[in-house]
Amino acid sequence: MLIHVLIHVLEDTVRLLPFLFLTYILMEYLEYNAMGKLTKAVSKVGKAGPLLGGIVGIVPQCGFSAAASGLFAGGVISVGTLLAVFFSTSDEMLPLFISHGYQVESIAKILIVKVALAVASGYILDGVLKLFKVKNKKTIHEFCESEHCECEDGIFKSALIHTIKIWIFVFVVTFVMDMLFETAGFEEAATAFAAKSWIAVPVVCLIGLIPNCAASVVITECYLSGIISGGAMMAGLLTSCGVGLLVLFRANKRPKENIKIVIASYVIGVFWGFVIEALGIKF
């Protein structure tokens with residue numbers, strides 16, 4: 001089992017490397033050109049951030065959530081944009097639906113609802129923070145200094161050091177999580193709690209927060225097997241952002257802020273799950 005888990009974790013985490021590296025290349029470039037046109041362009045995209053984040057995040061690849069966490073840690077994107085990417089990230093959900101031969105119309109409906117909820121949640125969160133005058137005061141320079149990345153040696157070396165540090169952290173935690181999934185019977189636990197929607201929605205949403213692609217696999221399989229409802233499935237998949245949370249906690253040196261983001265994700269995910277249940281929306 002150990003070798004199987006090790007190979008699986010390597011396959012999953014190696015795919016993150018190009019996303020992480022390109023993200024840190026961008027961040028280093030912004031650091032070196034803080035007054036340049038690229039920085040101005042990124043800042044202008046800020047208002048459209050949740051919309052773009054929601055659309056980009058739907059691609060079945062958790063690398064986007066990892067990249068978004070890095071950009072947020074560097075103060076490039078807002079918390080609403082980060083949440084939009086997290087919520088729309090489909091991780092293993094889309095490939096599983098396709099491999100099971102699920103109806104194309106139903107898959108499209110799930111994706112559209114997921115993106116819509118992600119974008120709406122992102123804008124609402126940014127709006128609330130703006131109302132209370134809460135600003136993201138982080139800067140790329142602050143992030144670079146906290147990582148001790150020897151930025152003076154060039155952007156490629158610095159980006160490579162960032163990438164290796166984050167990847168090692170993600171690999172170790174993902175390995176531990178996979179071992180737990182192999183031994184603890186999380187799918188059986190999800191089945192046991194799924195009898196009633198008022199229990200299933202918050203429980204499945206909590207399972208979605210587990211920073212591992214296995215979470216989206218369990219949630220999707222439970223839904224396809226008729227164990228959980230559409231509301232519970234959507235709540236869990238909204239909070240299931242792959243390794244995005246791992247990268248967030250590793251890259252963003254503000255643990256209290258990270259915890260608040262997790263709590264907000266959970267509360268909003270549960271809310272949308274109950275809304276779907278109340279409206280009787282079927283997928």
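- Taking 4.5 Å as the limit, every side-chain heavy atom of F249 sits out of range of all side-chain heavy atoms of P211.
- Under the 4.5 Å side-chain contact rule for hydrophobic residues, L117 and I281 share a cluster.
- Rounded to the nearest 0.5 Å, atoms CD1 (I259) and CD1 (I263) are 7.0 Å apart.
- Contact of the L82 side chain with the L248 side chain is registered, since non-hydrogen atoms from C-beta on lie closer than 4.5 Å.
- When hydrophobic clusters are built by joining Ile, Leu, Val, Met, Phe, Trp and Tyr residues whose side-chain heavy atoms come closer than 4.5 Å, directly or via intermediates, V104 is not grouped with I112.
- The two atoms that bring E277 and A232 nearest to each other are OE2-N, 3.7 Å, heavy atoms only.
- Here the closest non-hydrogen pair linking L6 and F171 is CD1-CZ, 3.6 Å.
- The side-chain contact (heavy atoms from CB on, under 4.5 Å) search around Y102 returns F97, S106, I107, I110, Y223, L224, not counting sequence neighbours.
- The closest donor-acceptor contact from the side chain of N252 to the backbone of N258 lies at 3.5 Å or more, if one exists at all.
- Taking CD1 of I228 as the reference point, atom CD1 of I207 lies at 8.0 Å (rounded to 0.5 Å).
- Side-chain atoms of S240 never come within 3.5 Å of backbone atoms of G236 as a donor-acceptor pair (strictly under, hydrogens ignored).
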*side chain to side chain contact (heavy atoms under 4.5 Å, CB included) evaluation trace for L51 with Y123*: CA-CA 8 Å; L51 176 61; Y123 277 116; 3.7 Å; yes
_Pair F271, V267 - check side chain to side chain contact (heavy atoms under 4.5 Å, CB included), show working._
CA-CA 6 Å; F271 171 76; V267 171; 5.6 Å; no
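- L237 places a side-chain heavy atom less than 4.5 Å from the side chain of T220.
- The shortest side-chain heavy-atom distance between F87 and V119 does not fall under the 4.5 Å cut-off.
- Between the S65 side chain and the C241 main chain, a donor and an acceptor come within less than 3.5 Å of each other.
- Separating the CD1 atom in I276 from the OG atom in S229 is a distance of 9.0 Å, to the nearest 0.5 Å.
- Note that CG of L125 is 14.0 Å distant from NZ of K130, once rounded to the nearest 0.5 Å.
- For the pair A235 and G269, the tightest heavy-atom approach, listed with the atom from each and the gap, is CB-O, 3.4 Å.
- Counting only distance, with no hydrogens or angles, the side chain of K114 and the backbone of G54 share no donor-acceptor pair below 3.5 Å.
- Under the side-chain contact (heavy atoms from CB on, under 4.5 Å) criterion, I124 pairs with V128, sequence neighbours left out.
- Taking each heavy atom of D126 and G80 in turn, the nearest pair found is OD1-N, 2.8 Å.
- Interatomic distance, OG1 of T239 versus CE of M234, reported as 11.5 Å (0.5 Å rounding).
- When side chains are defined from C-beta on, L83 counts as touching S265, because their heavy atoms get closer than 4.5 Å.
- Heavy-atom minimum distance, S121 versus I268: OG-CG2, 3.5 Å.
- When all heavy atoms are compared, the tightest approach of I58 to S88 is CD1-O, 3.1 Å.
- Atom CD of residue Q103 and atom NZ of residue K109 lie 11.0 Å apart, to the nearest 0.5 angstrom.
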